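No experiment lies behind these values; they were computed from the predicted model shown. Order of the sequence lines fixes the chain letters, A, B, ..., with proteins taken first and strands second; residue numbering starts at 1 for each chain.
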Number of protein chains: 2
Amino acid sequence: MDTKNSVTLTPVQRLAHSELAGEIEFLTARMRSQGSTRANLLLAPLGLKVRSYSVLSLACSDLAPTQRELAEFLSLDPSQIVPLVDQLESRGLVERVTSPNDRRTKVIAGTPAGQDLYTQARKATGEAEEVSLKALSAAERETLRDLLTRIAFDA
Amino acid sequence: MDTKNSVTLTPVQRLAHSELAGEIEFLTARMRSQGSTRANLLLAPLGLKVRSYSVLSLACSDLAPTQRELAEFLSLDPSQIVPLVDQLESRGLVERVTSPNDRRTKVIAGTPAGQDLYTQARKATGEAEEVSLKALSAAERETLRDLLTRIAFDA
DNA sequence: TATTGTTATACTCTATAACTATA
DNA sequence: TATAGTTATAGAGTATAACAATA
């Protein structure tokens with residue numbers, strides 16, 4: 001395989017100097033692939049994935065999101081929210097609360113059991129983030145969070 | 001809908017203060033969703049998507065990647081590379097060049113037509129990136145690129 | 001015996017349209 | 001007439017295992 005004169009490089013190291021590797025789109029795709037794989041792995045023992053975790057997180061906030069809001073915020077179609085909420089509701093983690101003002105809209109609210117699970121799940125995603133960002137200093141992590149926030153919401 | 005006393009907020013603005021919105025994993029997911037949608041849109045007139053564009057880009061570099069290397073670098077399974085290369089090859093954009101050293105491995109090489117199309121496609125992804133990062137200064141963009149590169153490759 | 005590329009298959013995710021009940 | 005949620009369905013993407021050719 002390797003001769004004495006050839007330096008051993010992994011495919012990733014070898015192609016890391018490509019023009020593609022300099023594109024933000026590619027870098028975020030790679031980061032996201034690694035990050036979500038890791039997060040899903042750490043959430044699996046709790047019966048959650050990144051998607052269901054995101055819904056649970058918002059349901060357990062004090063923002064009382066409707067399904068429509070969840071869909072828009074999570075960049076999902078409203079029809080995709082239905083089975084996510086169904087699953088969490090069947091486990092007693094969230095409830096569909098029909099709005100008194102408009103009986104069409106349903107606010108998704110976390111139950112006490114949901115709050116408990118969310119607390120554990122938040123630790124898991126925190127660990128996943130810690131691993132993902134281990135190459136960065138605390139200051140760099142805050143810089144990254146600021147830049148990503150502006151891209152995600154200022155646009 | 002809105003009374004005189006309620007400030008009109010989009011769902012995204014309203015939920016942007018959630019704990020979830022502070023998580024890197026969520027921010028990259030959102031950025032990626034927006035970015036790949038935009039890139040796919042700009043690549044569509046050329047008959048490419050982000051995936052096939054990535055393969056074409058590496059094939060047109062001077063790195064002579066094998067299919068195995070493409071799979072690892074693009075975080076895909078080797079079996080997913082096959083139809084991507086098939087499609088590009090059928091359009092005469094890339095060629096499978098059997099390695100003289102090891103007749104199992106096939107290097108994916110861009111043809112002149114592939115190089116031409118890549119030049120156009122690179123402009124399209126450049127425009128997409130420009131739109132994605134429009135909220136950031138030039139210096140901030142370089143900072144972001146540096147941070148993402150370290151996360152994607154130092155890990 | 002291990003590796004590259006390939007094929008086949010099933011599973012998840014995503015996108016679209018149509019339906020209901022409310023407004 | 002328009003909107004929130006739901007259902008149904010098809011398409012794209014993803015993961016897995018097994019296979020042939022080559023090392």
Side-chain angles (χ1 to χ4, degrees), chain A residues 1-3 10-11 29-30 32-34 36-37 39-41 43-44 47-55 59 64-90 94-109, chain B residues 1-3 10-11 29-30 32-34 36-37 39-41 43-44 47-55 59 64-90 94-109:
Chain A
M1 286 292 167
D2 295 311
T3 71
T10 66
R30 190 174 165 80
R32 170 104 181 79
S33 170
Q34 295 174 160
S36 67
T37 298
N40 279 329
L41 211 67
L43 287 171
L48 295 172
K49 295 188 177 188
V50 170
R51 281 287 157 71
S52 45
Y53 165 77
S54 300
V55 171
T66 68
Q67 292 192 190
R68 189 60 59 158
E69 289 177 319
L70 290 174
E72 197 164 325
F73 193 63
L74 298 175
S75 309
L76 299 175
D77 191 86
S79 65
Q80 296 177 256
I81 300 293
V82 176
L84 285 170
V85 172
D86 284 349
Q87 183 197 350
L88 293 173
E89 194 178 38
S90 72
V94 305
E95 283 176 340
R96 284 178 163 95
V97 181
T98 302
S99 166
N101 309 328
D102 184 339
R103 297 214 311 267
R104 289 175 303 179
T105 74
K106 296 174 186 171
V107 167
I108 307 306
Chain B
M1 285 294 170
D2 296 311
T3 69
T10 66
R30 189 174 166 82
R32 171 104 180 79
S33 170
Q34 294 173 160
S36 67
T37 298
N40 280 329
L41 211 68
L43 287 171
L48 295 172
K49 295 188 177 188
V50 170
R51 280 289 157 71
S52 47
Y53 164 77
S54 299
V55 171
T66 68
Q67 290 191 193
R68 188 62 58 158
E69 290 177 319
L70 290 174
E72 196 163 323
F73 193 63
L74 298 175
S75 309
L76 298 176
D77 191 85
S79 65
Q80 296 177 259
I81 300 294
V82 176
L84 284 171
V85 173
D86 284 349
Q87 184 198 351
L88 293 173
E89 194 178 37
S90 73
V94 305
E95 283 175 339
R96 284 178 164 95
V97 181
T98 302
S99 165
N101 309 327
D102 184 339
R103 297 213 312 265
R104 288 174 305 181
T105 76
K106 296 174 185 171
V107 166
I108 307 305

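- Of the residues in residues 64-79 of chain B, those lying under 4.0 Å from DNA chain C by heavy-atom distance are B:T66, B:Q67, B:R68, B:P78, B:S79.
- Per the geometry, CD1 belonging to B:I108 stands 13 Å off C1' belonging to C:dT6, to the nearest Å.
- The side-chain heavy atoms of B:K106 and B:V97, taken from C-beta on, include no pair separated by under 4.5 Å.
- Looking only at side-chain heavy atoms (C-beta outward), A:L88 and A:L48 come within less than 4.5 Å of each other.
- For the pair A:L84/A:L74, no side-chain contact is recorded, criterion being any heavy-atom separation below 4.5 Å from C-beta on.
- Annotation: the span from B:R96 atom CZ to B:T105 atom OG1 amounts to 12.5 Å, rounded to 0.5 Å.
- Contact of B:R103 with D:dT22 (side chain to base): no donor-acceptor pair of N or O atoms is detected under 3.5 Å.
- Taking 4.0 angstrom as the limit, A:K106 places a side-chain polar atom (N or O) nearer than this to OP1 or OP2 of D:dT6.
- Here the side chains of B:D86 and B:V82 are in contact, with some heavy-atom distance below 4.5 Å.
- Rounded to whole Å, atom P of D:dG11 lies 17 Å from atom CD of A:Q80.
- Mapping A:R51 and B:T105 onto DNA chain C via the closest heavy atom, the residue that lands nearer the 5' end is B:T105.
- Atom CD of B:E95 sits in a sparse spot, with 12 or fewer heavy atoms from other residues, nucleotides or ligands closer than 6.0 Å.
- If you take CG of A:D86 and C1' of D:dG5, they are 11 Å apart, rounded to a whole angstrom.
- Checked against side chain to side chain contact (heavy atoms under 4.5 Å, CB included), A:A71 has the following partners two or more places apart in sequence or in another chain: A:P78, A:I81.
- Distance, B:R96 CZ to D:dA21 P: 17 Å, rounded to whole Å.
- In this structure, the CD atom of B:E89 is 13 Å from the P atom of C:dG5, given to the nearest Å.
- Of the two residues near DNA chain D, A:P83 and A:T37, the one whose nearest nucleotide lies more 5' is A:P83.
- The end-to-end axis angle of the helix from C:dT1-D:dA23 to C:dA23-D:dT1, rounded to 10 degrees and based on five pairs per end, is 0°.
- Atoms CG (B:N101) and P (C:dT3) sit 18 Å apart, rounded to a whole Å.
- Atom P of nucleotide D:dA15 and atom CD1 of B:I81 are separated by 12 Å, given to the nearest angstrom.
- Look at CZ on B:R104: it is 10 Å from P on D:dT22, rounded to the nearest Å.
- What you find for B:S36 and B:V50 is that their closest heavy atoms are O-CG2, 4.2 Å.
- Under a 3.5 Å cut-off, the side chain of A:S33 and the backbone N or O of A:A29 do not form any donor-acceptor pair.
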